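Accompanying notes for the structure given below.
Because the structure is predicted, anything quoted here is derived from the model rather than measured.
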Amino acid sequence: MEPNEPHLKVAVDGAVATVVISNPAKRNAMTAAMWRSLPGLLAPLATDPGVRALVLTGDGGTFCAGADISTLREPGDEQQSLAVRAEEALAAFPKPTLAAVRGYCVGGGSQLAAACDLRFAEEGALFGVTPSKLGIVYPSSSTRRLASLVGPSAAKYLLFSGELIDSERALRTGLVDELLPAGELDKRVGEFTRVLVSRSQLTQAAAKEFADGRTDRDAYWAEQARGSGDTAEGVAAFLERRAPRFTYGI
């Protein structure tokens, strides 16, 4: 593969996997091939017991400027279904996911960022959901996910207008969870993912399902808790004033 050919890169450092969107000639716009490859790329990371968190980011100084417009010449339903399948695969990833955003996070980029559990951004980042500029009907699942993050009114503002908002407004609306000064994003993401991988995967997995609206798994997770040993270990570590050694999922 040529260095500048659009693709998704994966690196694993310790317990953290990083997926990098790379299409530098087009501000990391997602091609059809990139949308198509994301679910298959995520699948082995989801089942790898050594991976306990995932970071999604863009190559260089931007996150993702959306879908590569040249691919919109393909049938519209096919283009949208590829993006939705990629988004849903990311949203269903069973471990904590974090979008690290700098520069443009627009259209399909915002769709991917919203599918992550958390979004940390660098000051100066710009966010937009732009289907109204192209006459595209935004997918219902993506619309609901956006509205659950920012509320119906802010979601309508973004979808109706297609206007870009700055990182401060994104933080106020809940689209961004933490806003970092220039040059501090990577350091903070590294610190926070180290926190994530030190915590109980049992707690995280159950919390992710419940927060995402799953209502039929209370008994399942109660059984998992009883058999995991994480609760006993967490309480013992607290009383002994030491770091816990959680084993669920390992």
Side-chain angles (χ1 to χ4, degrees), residues 7-22 28 30 33-59 63-64 67 80-101 105 108-121 139-149 174-178 185 188-190 192-217 220-221 224 228 230 246 248-250:
H7 64 292
L8 300 174
K9 300 185 288 189
V10 183
V12 179
D13 183 7
V16 179
T18 300
V19 176
V20 181
I21 304 166
S22 183
N28 296 334
M30 291 283 290
M34 293 165 75
W35 289 120
R36 193 176 286 112
S37 69
L38 184 59
L41 181 151
L42 293 174
L45 299 175
T47 58
D48 185 344
V51 172
R52 302 185 63 162
L54 182 138
V55 175
L56 178 69
T57 194
D59 204 355
F63 182 75
C64 174
Q80 190 171 92
S81 67
L82 287 175
V84 169
R85 285 198 293 271
E87 175 192 1
E88 293 301 326
L90 183 57
F93 194 78
K95 302 160 190 180
T97 57
L98 188 155
V101 178
C105 180
S110 285
Q111 194 173 348
L112 289 173
C116 291
D117 297 314
L118 300 166
R119 287 146 296 280
F120 288 9
S140 61
S141 58
S142 308
T143 301
R144 288 192 295 271
R145 183 169 288 116
L146 178 66
S148 73
L149 282 176
L175 188 57
V176 165
D177 298 291
E178 286 195 17
L185 180 62
R188 176 57 181 149
V189 168
F192 192 74
T193 52
R194 284 193 291 274
V195 170
L196 291 179
V197 302
S198 73
R199 304 305 194 218
S200 168
Q201 289 190 82
L202 169 72
T203 303
Q204 292 169 346
K208 182 162 181 166
E209 284 197 359
F210 294 159
D212 288 344
R214 189 87 184 247
T215 59
D216 61 344
R217 296 261 282 181
Y220 170 82
W221 286 113
Q224 293 296 301
S228 73
D230 270 17
F246 296 119
Y248 180 85
I250 297 176

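Across A86 and P39, no two heavy atoms sit closer than the pair CA-CG, 4.0 Å. The two atoms that bring A67 and W35 nearest to each other are CB-NE1, 4.1 Å, heavy atoms only. Residues R52 and V197 come closest through the heavy atom pair CZ-O, 3.3 Å. Considering every non-hydrogen atom in both A113 and C105, the closest pair reads CB-SG, 3.8 Å. Of all non-hydrogen atoms in A91 and R145, the two that sit nearest each other are CB-NH2, 3.4 Å.
Within the 4.5 Å cutoff, no side-chain heavy atoms of V101 are placed close to those of T57. The shortest side-chain heavy-atom distance between L38 and L112 falls under the 4.5 Å cut-off. Side-chain contact check for V20 versus N28: every heavy-atom pair is 4.5 Å or farther apart. Taking 4.5 Å as the limit, some side-chain heavy atom of L90 sits within range of a side-chain heavy atom of L56. At least one side-chain heavy atom of L41 sits less than 4.5 Å from a side-chain heavy atom of V19. No side-chain heavy atom of R217 sits less than 4.5 Å from a side-chain heavy atom of Q224. Side-chain contact check for C116 versus L98: every heavy-atom pair is 4.5 Å or farther apart.
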Original post:
Do L196 and Q204 pass the side-chain contact (heavy atoms from CB on, under 4.5 Å) test, and can you show the C-alpha distance, the side-chain angles, and the key distance before you say yes or no?
Top reply: CA-CA 9 Å; L196 291 179; Q204 292 169 346; 4.2 Å; yes

**OP:** Check step by step if side-chain contact (heavy atoms from CB on, under 4.5 Å) holds for T18 and D13.
**Re:** CA-CA 8 Å; T18 300; D13 183 7; over 6 Å; no

**OP:** Tell me, with the steps shown, if L45 and F93 meet side-chain contact (heavy atoms from CB on, under 4.5 Å).
**Re:** CA-CA 9 Å; L45 299 175; F93 194 78; 3.9 Å; yes

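Atoms NZ and CG, from K95 and D48 in turn, are 6.0 Å apart once rounded to the nearest 0.5 Å. Atoms OG and CH2, on S228 and W221 in that order, are 10.0 Å from each other to the nearest 0.5 Å.
Ion pairing between D216 and R214 holds under the 4.0 Å rule for side-chain N and carboxylate O.
In this structure S37 satisfies the side chain to side chain contact (heavy atoms under 4.5 Å, CB included) test together with L8, sequence neighbours excluded. Listed by chain and number, the residues in a ring pair (Phe, Tyr, Trp, His ring centres under 6.0 Å) with F192 are F120 (sequence neighbours excluded).
Remark: the backbone N or O of F246 is not paired with any side-chain donor or acceptor of D230 at under 3.5 angstrom.
Among K9, M30, H7, the one residue that satisfies the side chain to side chain contact (heavy atoms under 4.5 Å, CB included) test with I21 is M30.
A side chain to side chain donor-acceptor pair (under 3.5 Å) check over residues 109-121, counting only residues at least two apart or in different chains, returns the pairs E87-Q111, T97-D117, Q111-S142, D117-K208.
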